[in-house]
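This report concerns only the one structure given below.
A quick note: this is a predicted structure, and the numbers were derived from the prediction, not measured. The basis for the numbers below is simple: all heavy atoms, side chains too, and nothing from hydrogens, waters or symmetry mates.
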Protein chains: 2
Amino acid sequence: MTDTDELLSIRAAELYYEENKTQDEIGTVLRLTRWKVGRLLAQAKASGFIRIEIVHPRARRLSVERRLREATGLTDAIVVSSAGVSGDEELQSRTAQAAADYLTGLRPVPRTLGISWGRTLHEVSLHLKQGWANGVNVVQINGGVSLNRRAGTAAATAVTMAHKASGAATLLPSPAILERLETKRAIEADRSVGAVLKLGASASAYLFSAGQADQNSALVDSGYLTEEQVAELVRKGAVGDIVGRYIDSNGNIVDPELDERTVGIPLEQLRNAKTAIAVIAGSSKHAIARAVVGSGLCTVLVTDEDTALAILGEHA
Amino acid sequence: MTDTDELLSIRAAELYYEENKTQDEIGTVLRLTRWKVGRLLAQAKASGFIRIEIVHPRARRLSVERRLREATGLTDAIVVSSAGVSGDEELQSRTAQAAADYLTGLRPVPRTLGISWGRTLHEVSLHLKQGWANGVNVVQINGGVSLNRRAGTAAATAVTMAHKASGAATLLPSPAILERLETKRAIEADRSVGAVLKLGASASAYLFSAGQADQNSALVDSGYLTEEQVAELVRKGAVGDIVGRYIDSNGNIVDPELDERTVGIPLEQLRNAKTAIAVIAGSSKHAIARAVVGSGLCTVLVTDEDTALAILGEHA
DNA sequence: ACCGTGCCTGCTCAGATGAGCAAGATTGCC
DNA sequence: GGCAATCTTGCTCATCTGAGCAGGCACGGT
């Protein structure tokens, strides 16, 4: 009997959603009252037989966002749909777009915005519209990418963001990681660097991404770390890095000595920030995303559906 | 402006379909009148941003069925959905189930049902419910599968179908293809075979599947043809076989000499039949399905969504 | 500037739909 | 078999939604 009902609900759903007939008409066809049809339809929906997807690059998953907020205590969560997406690349692009949208709508508008650098953030900067805000000053909060062959990407990110918001960009003129602790102390003590760090510490909002801990890390790519060093970090439990600092799945610094030599605001600053927006997308970043959210490193997460589900533990 | 509207329609769709808010509530949230929301939603649907799928093994694609009927002049078309299907196997199983359903609902109930044999039809027989009809006699219409290691499948198919309909099965006691024309003539002349063929010719409905023309063909598997012979047939334009007879994409016999040695009712009998139900599923059978439908070998087609779209030329 | 054309907006109204309710059917239990 | 608990059915009513229409607005030609 239940079996018959299930089959009927499928027939009804076909007529309702594919042929868009009215429930009354369906009732006539299937020899049922229109109320029965309504109930069958409701049953089909409840059983999950009806799948409704919004296929659009800007589509979000509100229900996942809500669950994420509830489960993690995030102030806000933006989850872009991965319906109809081919690869990680498009996922990251969609997420960057969503981050740009979020930033544009952010209230109160931050006077000073602290940002990290990387592929993701650069893409965010490109997606921002001219005039997305008026008078936002952008400060880099961790050491730069100067060793990179694509030198200037980090600077371009900050400059673009500031320019499009009629604000000024303040760059952090320092490597990301220094080889000797003394050098790091010295450079931090220097006025030009110290002042920027102090400005960064006073930012009204932060925007940063995360890197996975493997040989594809931007820090390896930029020459600050070797593949072996990253492998060693992974052995010690590292799942990725935030503003140049490697953390484990609990959000703790993996290698305090290395961390000491890393130039940028400390993680505590992010944890205490009123607004810390993390933008993390792609299947390789599920672990670091979970660590960031789980350890309270951000108040807002912008991510893709799969990563969000991974954080919720529904997609392992 | 249109860009803004598109984005709004996506936001509206999210709230409507994911959060199932009323259009009025959405209007409040997005600061729009409820009519505007209604129009945005309509626009989103029209643009194809809203995809509704019925995910269920028994789900059909009524719109495709309709288009197929209109494009080909088929009396009836049954197209099972391939939403959420992993492989060809499940597709074939679903299609077999649908064929069993169709057969069960077929009116007028055929007194005599002529069937071929094969994996697909056997699966159909298994999906039929006890008592699917009352008093249907089942006749084999083409030569058997006796050389097969799983000898008896063909017989079992007919017997099962007949038994479940409280009818009798009549088997065709003959190989599918004979090596010498004389032998074929002789066996046909034999009372035991001739009578069955005559019965088959008078069937009130036919149910058959199709085989693709490659080394996986059931005829190769059963030992009636060698892989080389099939390769030669393909060179001559064969796309597959129906009741043991190889046809090209126009529905014409590929090798008349071979065909002469094949035991079973001629294709003309199917072409002239009032009810000829073809059950064809799987990505490897797109070509033969197109040939069967295109050359009027069946009046009813039961198939999967991808094959149907291939026939319609919408899925190349 | 003026006017016409055509799109967009907000509305009325009727049809479609879901919530809730009471009567009837079914099941399980003694 | 009798009875109670539960589920199902058909209904009323309030709400939601889409069709169609009149007025308003923007745009382009003269």
Side-chain angles (χ1 to χ4, degrees), chain A residues 1-56 58-63 65-67 81 105 129-131, chain B residues 1-56 58-63 65-66 81 101 105 129-131:
Chain A
M1 208 39 79
T2 299
D3 190 37
T4 308
D5 259 23
E6 183 171 313
L7 199 50
L8 272 177
S9 75
I10 296 301
R11 296 287 154 260
E14 286 161 359
L15 293 164
Y16 192 71
Y17 291 106
E18 283 210 49
E19 304 287 275
N20 41 257
K21 293 196 184 297
T22 143
Q23 297 187 359
D24 217 353
E25 290 175 299
I26 297 172
T28 310
V29 175
L30 300 180
R31 292 151 194 276
L32 300 166
T33 61
R34 97 189 151 74
W35 297 283
K36 177 74 179 172
V37 174
R39 283 177 184 124
L40 286 172
L41 250 18
Q43 193 186 312
K45 259 194 253 179
S47 313
F49 297 148
I50 314 295
R51 182 193 293 166
I52 302 185
E53 276 182 344
I54 304 174
V55 189
H56 191 281
R58 307 284 276 268
R60 282 164 49 188
R61 298 299 319 278
L62 301 186
S63 59
E65 294 179 357
R66 183 158 23 77
R67 275 184 288 155
S81 164
K129 282 229 178 71
Q130 182 64 45
Chain B
M1 203 43 78
T2 299
D3 190 39
T4 308
D5 259 23
E6 184 171 313
L7 199 50
L8 271 177
S9 76
I10 296 301
R11 295 287 155 261
E14 287 161 1
L15 293 163
Y16 192 72
Y17 291 106
E18 283 211 50
E19 304 286 273
N20 44 261
K21 294 197 184 297
T22 148
Q23 297 188 358
D24 216 354
E25 290 175 301
I26 297 172
T28 309
V29 175
L30 301 181
R31 294 152 193 275
L32 300 166
T33 61
R34 96 187 149 76
W35 297 284
K36 178 73 179 170
V37 174
R39 282 175 186 127
L40 287 172
L41 250 19
Q43 193 186 312
K45 259 194 254 180
S47 314
F49 297 149
I50 314 296
R51 176 152 76 204
I52 302 184
E53 276 182 344
I54 304 174
V55 190
H56 191 281
R58 308 283 276 266
R60 282 163 51 187
R61 298 299 321 278
L62 302 186
S63 59
E65 295 180 358
R66 183 157 23 75
S81 163
D101 290 349
K129 282 231 176 71
Q130 182 65 46

Can you tell me if [X] touches the phosphate of [N], counting only side-chain N or O atoms and a distance under 4.0 Å to OP1 or OP2?
X	N	answer
A:Thr22	C:dG15	no
A:Tyr16	C:dT17	yes
A:Gln23	C:dG15	no

[atom1] of [X] versus [atom2] of [N]: gap in Å, rounded?
X	N	atom1	atom2	value
A:Asn20	D:dT17	CG	P	16 Å
B:Leu41	C:dA16	CG	P	19 Å
B:Lys36	D:dG18	NZ	C1'	16 Å
B:Leu32	D:dT17	CG	P	15 Å
B:Gln43	C:dC7	CD	C1'	13 Å
B:Lys21	D:dT15	NZ	P	18 Å
A:Arg34	C:dG18	CZ	C1'	10 Å
B:Leu40	C:dG10	CG	C1'	14 Å

- Passes side-chain contact (heavy atoms from CB on, under 4.5 Å), B:Leu41 versus B:Lys45? Steps please. CA-CA 6 Å; B:Leu41 250 19; B:Lys45 259 194 254 180; 5.7 Å; no
- Message: A:Leu30 and side-chain contact (heavy atoms from CB on, under 4.5 Å): which single residue from A:Leu8, A:Val37, A:Leu40 fits?
- Response: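 That would be A:Leu8; it is the only one of A:Leu8, A:Val37, A:Leu40 passing the side-chain contact (heavy atoms from CB on, under 4.5 Å) with A:Leu30.
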- Could you check which of D:dT17, C:dG10, D:dG18 has an atom nearest any side-chain atom of B:Thr33?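 Given the options D:dT17, C:dG10, D:dG18, the side chain of B:Thr33 is closest to C:dG10.
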- Query: Between the main-chain N or O of B:Phe49 and the side-chain N or O of B:Ser47, is there a donor-acceptor pair closer than 3.5 Å?
  - Reply: no
Would a 4.5 Å heavy-atom cut-off, applied to side chains only, mark [X] and [Y] as touching?
X	Y	answer
A:Ile50	B:Ile52	yes
A:Asp5	A:Lys36	yes
B:Arg60	A:Arg11	yes
B:Glu19	A:Arg66	yes

Is there any protein nitrogen or oxygen under 3.5 Å from a nitrogen or oxygen in nucleotides 20-22 of chain C, and what are the pairs?
| residue | atom | partner | partner atom | Å |
| --- | --- | --- | --- | --- |
| C:dG20 | O6 | A:Arg39 | NH2 | 3.3 |

